Amino acid sequence: MRKEVVLITGANGEIGHGLITHLAAQGNYEVIALDVQTLDDALKPLCLKFIQGDILDTMLLGRLVVEYEIRTIYHLASILSTKAEYNPETAHRINVEGTLNLLRLAVEQSQWQGRPVKFIYPSSIAAYRLPNLETKIAVGKVKEYNWLEPSTMYGCNKLYCEHLGRYYTRHYRQLAADHTTAIDFRCIRFPGLISAVTIPTGGTSDYGPEMLHHAAQDKPYPSFVRQDCRIPFMAMPDAVKSLLLLTAAPRQNLKHVVYNVTSFSLSAIEFRDWVLKYFPNGNISFEPDEKRQAIVDSWPADLDDSAARRDWGWSPDYDVERSFSEYLVPNI
Ligand code: SER
């Protein structure tokens, strides 16, 4: 049987590592990996092709369209929330124009194939903004359609690209006589993700994974958020699981374009205590950075993922105990 071709942008990033490894293990897919950075040597043999290049390079994307019959796109490439604040316009170009280029590629592929290409897009808790700590505590689990006035460029970019995906799926060229085959855009809003094999770069939920990786390497770590600062988290195998479950879900079951997923919610001190349980010599202190703290304070303390559970059978395999004892610590 001919294997299905999957395009992964941002392939060398944190989610890319997990997703490529998983797809290769399944064996039913040919992965085309795209990243501005070179791809880890361990991942290269798992891919049909690796292309080092920029999602803003429309010539490059044009060549991809004619060379491959791509059935699914995982558009993971993005500038994360902290890094985006240092150069918001560049972040906008990559996060929004880059996504638009990929959506365009998906349209062309869908027209050519005569059926909608699946476009799987990771969004984030950064799409939300709680106005103050009292509200954040009082609200608890946030649903998909509330508190959508993000304070970061990254959050604005994610929220807007969710809308673009919905537009390309339901309303693209709605006035044209030759109304074209739409794409099939599906989006997940992730909590802070924690991987055992990679360290995040440029995010604001990074204090969690950074505590863990520093302790594992016997390096001191000053957390840039307060002890009581709380957001939801998820271990990377569950992030990959959610992407694959959403990809496989029958279209008619999906009532929404955008779904929250989550696993466990921890304060920074609870996170530290879990790390110290396995790395008792870890040296983790708290030296809050007021500005990065304010960003994390604006993100929900927890997410309501009941829609994903209902529509496509989502549930995490790794609660906090299992994340540390069976995934993070053994693999780190
Ligand atoms: N982990 C991301 C960040 O911190 C949020 O999606 O930017």
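First listed ligand is number 1; within each ligand, the first listed atom is number 1. All values below come from the heavy atoms of this structure, side chains included, with hydrogens, waters and symmetry mates left out. In this chain, residues are counted from 1 in sequence order. None of these values were measured; they are calculated from a predicted model.
Near T204, meaning under 4.0 Å from one of its heavy atoms, ligand 1 places the atoms 3 (C), 4 (O), 7 (O). The atoms of ligand 1 that sit less than 4.0 Å from any heavy atom of S124 are 5 (C), 6 (O).
Connection of V258 to Y167 is established within a shared hydrophobic cluster, with ILVMFWY side chains joined at heavy-atom distances below 4.5 Å, either directly or through further cluster members.
Contacts with ligand 1 closer than 4.0 Å are made by side-chain heavy atoms of Y154 only, the backbone lying farther away. Counting heavy atoms closer than 4.0 Å to ligand 1, residue S205 contributes atoms from both its backbone and its side chain.
Between the side chains of R292 and Y207, no donor-acceptor pair of N or O atoms lies under 3.5 Å.
For W299, the closest heavy-atom approach to ligand 1 falls below 4.0 Å.
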request  = May I have the step-by-step check of salt bridge (Lys or Arg N to Asp or Glu O under 4.0 Å) for K158 and E162, ending in yes or no?
outcome  = CA-CA 6 Å; K158 284 292 180 191; E162 294 176 2; over 6 Å; no
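Geometrically, ligand 1 and D206 share no nitrogen or oxygen pair separated by less than 3.5 Å.
When hydrogens are left out, the protein atom nearest atom 7 (O) of ligand 1 is S81 OG, 2.5 Å; that is the closest non-hydrogen contact.
Of all non-hydrogen atoms in K241 and S315, the two that sit nearest each other are NZ-O, 2.7 Å.
Cation-pi geometry between R272 and F286 is not met at under 6.0 angstrom from the ring centre and within 45 degrees of the axis.
Other residues, nucleotides and ligands place no more than 12 heavy atoms under 6.0 Å from the NZ atom of K219.
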